[in-house]
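Everything numeric in this text was worked out from a predicted model, so none of it was measured. Indexing begins at 1, ligand by ligand and atom by atom, following the structure's order. Computed from heavy atoms alone, side chains included, the values below leave out hydrogens, waters and symmetry copies.
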Amino acid sequence: MLTRIDHIGIACRDLDKTVEFYRATYGFEVFHTEVNEEQGVREAMLKINDTGDGGASYLQLLEPTRPDSAVGKWMEKNGEGVHHIAFGTADVDGDSEDIRAKGIRVLYEQPRIGSMGSRITFLHPKDCGGVLTELVTAAEPGEHGEH
Ligand code: CMX
Ligand code: CO
């Protein structure tokens, strides 16, 4: 069951400048940063709020590490802006299989590793009304070294 907005993914050319924009404009602070080479991104997670299911909602600021990455290619065409949305679930495996059974393309056979040790998969934007949609199961508390 999808229980929250886990994050909104925002593509940017300069992560440090974009982090500063969100800090100066809204007062949002960086909760976590990492580089995910498989996804081709340097990212900052800004926590917006905790949620009733023990999870949280974030903004995920994404700077491509290479031009041929998903975010790099997308930004080449669209410029900076909202790249994807992500729903949180306790069971990314089960929920993605249920969604696959409805005929929507799930991009990965098995979920991969996302921010903060989470497990993630994506639904094809062409099957979701033009919205690239991610499903996320957060790591168990203590499972990930950085918080
Ligand atoms: N939102 C909406 N539509 C998108 C899109 C996006 N983010 N990215 C691509 N598309 C559209 C393109 O506009 C294009 O449409 P047209 O054919 O009408 O022009 C179509 O999808 C195909 O796009 P493409 O540029 O040819 O790119 P690819 O098919 O090679 O890749 C996708 C598209 C979705 C399969 C790829 O971006 C992907 O695998 N995404 C998942 C991984 C990802 O986004 N990682 C970065 C974030 C990591 C994180 O969140 O942790
Ligand atoms: Co994401």
Could you pull out every N or O of ligand 1 that sits under 3.5 Å from a protein N or O, with the distance for each pair?
| from | atom 1 | to | atom 2 | distance (Å) |
| --- | --- | --- | --- | --- |
| ligand 1 | 7 (N) | His83 | O | 3.0 |
| ligand 1 | 7 (N) | His83 | NE2 | 3.4 |
| ligand 1 | 13 (O) | Lys77 | NZ | 2.8 |
| ligand 1 | 15 (O) | Lys126 | NZ | 3.1 |
| ligand 1 | 18 (O) | Lys126 | NZ | 2.7 |
| ligand 1 | 19 (O) | Lys77 | NZ | 2.7 |
| ligand 1 | 30 (O) | Lys73 | NZ | 2.7 |
| ligand 1 | 45 (N) | Gln39 | OE1 | 2.7 |
| ligand 1 | 50 (O) | Gln60 | OE1 | 3.1 |
| ligand 1 | 50 (O) | His84 | NE2 | 3.0 |
| ligand 1 | 50 (O) | Glu134 | OE1 | 3.0 |
| ligand 1 | 51 (O) | Gln60 | NE2 | 3.1 |

Inset, instruction - Please examine the side chains of Arg23 and Glu29, heavy atoms only from C-beta on, and report whether any two atoms are closer than 4.5 Å. - result: yes

Inset, instruction - Check Asp68 against Lys73 and note the closest heavy-atom contact, atom names and distance. - result: O-CD, 3.8 Å

Legend entry - Sequence-distant partners of Arg13, side chain to side chain donor-acceptor pair (under 3.5 Å), two or more places apart: none

Legend entry - Note, Val71 side chain near His83 side chain (heavy atom, < 4.5 Å): yes

Inset, instruction - Measure the shortest side-chain to side-chain distance between Thr133 and Phe87 over non-hydrogen atoms and say whether it is less than 4.5 angstrom. - result: yes

Legend entry - His84 and His7 aromatic ring geometry - parallel, tilted or perpendicular at 30°/60° bounds: perpendicular

Legend entry - the Co ion (ligand 2) contact by His83, N, O or S atom under 2.8 Å: no

Inset, instruction - For the atoms NE2 of His84 and NE2 of His7, give the angle they form at the Co ion (ligand 2), rounded to 10 degrees. - result: 100°

Legend entry - Non-hydrogen side-chain atoms of Ile120 and Pro111 separated by less than 4.5 Å: no

Legend entry - N, O or S from Asp6 under 2.8 Å to the Co ion (ligand 2): no

Legend entry - Atom name in Glu134, limited to N/O/S, at shortest distance from the Co ion (ligand 2): OE1

Inset, instruction - Scan side-chain atoms only and decide if Ser115 and Gln60 contain a donor-acceptor pair under the 3.5 Å cut-off. - result: yes

Inset, instruction - Give a yes/no answer: is there an N/O/S atom of Gln60 under 2.8 Å from the Co ion (ligand 2)? - result: yes

